[in-house]
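Read through the structure below, which is laid out as structure tokens, and then see the notes.
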Amino acid sequence: MLDIQKLRENPDWFQERLKRKKFATNLDEVLELDEARRKAVTEAESARASQNGANQEMASLQKGSPEFIAKIGEMKKLSAITKSLEGAAKDADEAFRAAYMKLPNVPSDESPDGRGDADNVEIRRSGHDHDSYTTARAHFDLPGIDKLLDFERGTKVAGAGFPFYRGDLARLVRVLIGSFLDHNGQRGYSEIAAPLVVNADSARATGQLPDKEGQMYSCREEELYLIPTAEVPVTNFYRNEIIPVADLPLKHSAYTPCFRREAGSWGADVRGLNRLHQFDKVEIVRWERPEDSEAAHLELLGDAEAILQALELPYRVLEICTGDMGFPHSRQFDLEVWAAGQKRWLEVSSCSNFTDFQARRANIRFRREEGAKPEFVHTLNGSSLAIPRVLAALLENGFDGESSVRLPEFLARPFGADSLKLPV
RNA sequence: GGAAGGGUGGCAGAGUGGUCGAUUGCGGCGGUCUUGAAAACCGCUGAGGUGAAAGCCUCCGGGGGUUCGAAUCCCUCCCCUUCCGCCA
């Protein structure tokens with residue numbers, strides 16, 4: 001949610017910024033609905049005030065006395081007026097709220113303009129020369145990979161995009177998850193294990209609803225959604241809470257499977273591990289004071305990058321342009337690894353600052369000092385990292401051309417071997 | 001899943017139709033007293049909306065209803081506790 005007071009005071013400031021994003025927004029409509037709502041609420045409240053006043057007078061009258069009887073007649077009239085005005089106020093409020101919730105966050109002034117992913121700006125690159133991977137091969141074409149990564153049975157059991165991982169590959173997935181969590185832990189992110197389903201209030205708070213309704217799996221019997229990312233349950237952990245200022249910044253790291261319907265995005269580049277309906281991801285989430293969030297964002301990006309460096313994977317950092325940015329985002333960086341077999345970049349992380357947008361929806365606040373008015377925190381999060389695409393890059397880049405995949409030192413110890421043998 | 005009992009301010013716990021946003025206690029903050037602290041005493045102590053302010057309005061788990069008037073009565077949903085059943 002945007003700050004409605006600021007929106008009223010300076011609609012042009014918002015209009016200018018919102019039109020940089022891809023979402024259609026009608027600020028005038030929202031402002032009109034806001035005005036109508038406030039007018040209706042004021043009327044309803046003054047009606048309620050006079051009714052309350054009459055009620056107080058009535059309370060001091062003798063029950064059953066002529067004055068009492070007369071007062072009831074007056075009260076009935078006041079009550080009818082209040083009821084209808086309050087009904088109108090409620091309708092006006094709902095109409096306003098529905099439109100208001102559809103407004104996306106304003107992009108940061110730092111974010112570059114653009115219309116789509118082609119306009120994202122590469123801000124740095126790190127890792128080996130792409131030409132050095134002379135024996136790389138697409139992970140889905142590796143010899144024997146079908147025995148470790150079983151899409152056919154996954155399709156039989158659940159559907160396309162739900163693979164089985166087997167043997168050492170399943171174990172490697174587990175090692176990746178554990179290593180990422182441990183790495184984040186060393187950087188001050190305390191581990192948290194979260195529910196894999198959330199209710200509608202939670203999905204609204206982080207901005208999945210109403211924007212991405214069709215992208216989440218929902219349950220038939222209950223109003224629950226399978227989480228598309230740990231961001232949703234973890235950010236909502238503090239929903240409707242006032243965080244003691246001494247606890248800020250809060251930093252959590254969570255592993256969860258993520259479920260995405262990916263409706264409409266099933267295209268040519270989805271082979272193998274590139275795009276799945278269920279995938280594992282470790283997420284980091286931070287709650288910050290507003291004045292700290294910009295620096296925290298860069299630090300969080302660095303935390304995610306550090307894992308890619310430890311994995312010795314070539315990667316680049318993209319600053320996401322306003323036209324490619326998500327609904328609740330203010331500023332966003334993506335991390336992409338180079339998958340040398342497919343010769344393409346794979347997005348493995350998205351590191352975002354939501355400023356106070358999610359915090360308003362989720363009502364997550366802090367108090368600067370005793371007695372001060374609660375203020376909204378800033379929320380930030382980033383993938384650290386999405387497992388399948390990291391795995392794809394590891395498999396492709398590490399393939400020795402024969403029957404094994406070299407593993408970086410970072411993984412060799414927990415995995416118990418410095419390479420993964422392919423069952424050729 | 002069945003039965004019973006509950007959900008009130010940071011916590012405990014009153015309140016069963018009207019002057020109740022709510023008695024009281026604890027905790028917290030401020031003051032008096034004290035060299036300082038404790039004790040004692042006094043005062044303050046939830047969130048939100050609207051407004052320049054005074055004020056006004058809303059919130060007693062959520063939603064709906066009855067009533068001139070609801071924390072209080074009714075319906076419904078959610079949650080908690082205990083017992084039984086089932087179960088990783």
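Values below: every heavy atom of this structure, side chains too, minus hydrogens, waters and symmetry copies. In what follows, every chain begins at residue 1, and chains take the letters A, B, ... in the order their sequences are listed.
The residue among A:I72 and A:T42 whose nearest nucleotide of RNA chain B is located toward the 5' end is A:T42. When the nearest nucleotides of RNA chain B are assigned to A:I242 and A:M75 by heavy-atom distance, the more 5′-ward of the two goes with A:I242.
Here B:rU67 presents its P atom at 17 Å from CD1 of A:I69, a figure rounded to the nearest Å. Distance, A:R38 CZ to B:rG51 C1': 10 Å, rounded to whole Å. When the C1' atom of B:rG69 is taken as reference, atom CG of A:L78 falls 11 Å away, rounded to whole Å. What separates CZ of A:R37 from C1' of B:rG48 is a distance of 12 Å, to the nearest Å. Rounded to an integer number of Å, the gap from CD of A:E86 to C1' of B:rC59 is 13 Å. Whole-Å rounding puts the A:N363 CG to B:rC59 P distance at 18 Å.
Applying the 6.0 Å contact sphere to NZ of A:K22 captures more than 12 heavy atoms from other residues, nucleotides or ligands.
Of the side-chain N and O atoms in A:R365, one or more sit less than 4.0 angstrom from OP1 or OP2 of B:rG48. Of the side-chain N and O atoms in A:K90, one or more sit less than 4.0 angstrom from OP1 or OP2 of B:rG64. For B:rG69, the OP1/OP2 oxygens have a side-chain nitrogen or oxygen of A:S79 closer than 4.0 Å. In this model, the phosphate group of B:rC57 is approached by a side-chain N or O of A:N52 to a distance below 4.0 Å at OP1 or OP2.
Partner A:F410 forms a side chain to side chain contact (heavy atoms under 4.5 Å, CB included) with one of A:H183, A:E312, A:Q309 and no other, that one being A:H183. When each of A:V285, A:V282, A:N184, A:L250 is checked for a side chain to side chain contact (heavy atoms under 4.5 Å, CB included) with A:Y189, only A:N184 meets the rule.
No side-chain donor-acceptor contact under 3.5 Å links A:S383 to the backbone of A:A386.
Remark: B:rA40 base-pairs with B:rU32; criterion is Watson-Crick or G-U wobble with both hydrogen-bond distances under 3.5 Å.
By the 4.5 Å heavy-atom criterion applied to side chains, A:F14 and A:V106 are counted as neighbours.
Among the heavy atoms of the strands, none lies under 4.0 Å from A:R360. The residue A:Q51 sits close only to the backbone: its heavy atoms come under 4.0 Å of sugar-phosphate atoms, none of a base. Across all strands, A:Q5 comes closer than 4.0 Å only to sugar-phosphate atoms, never to a base (heavy-atom distances).
Going from the P atom of B:rC75 to that of B:rU24 covers 34 Å, rounded to whole Å. With both ends at atom C1', the span from B:rC26 to B:rG13 equals 11 Å, rounded to whole Å.
Remark: the A:E45 side chain and the B:rG49 base include a donor-acceptor N/O pair separated by less than 3.5 Å.
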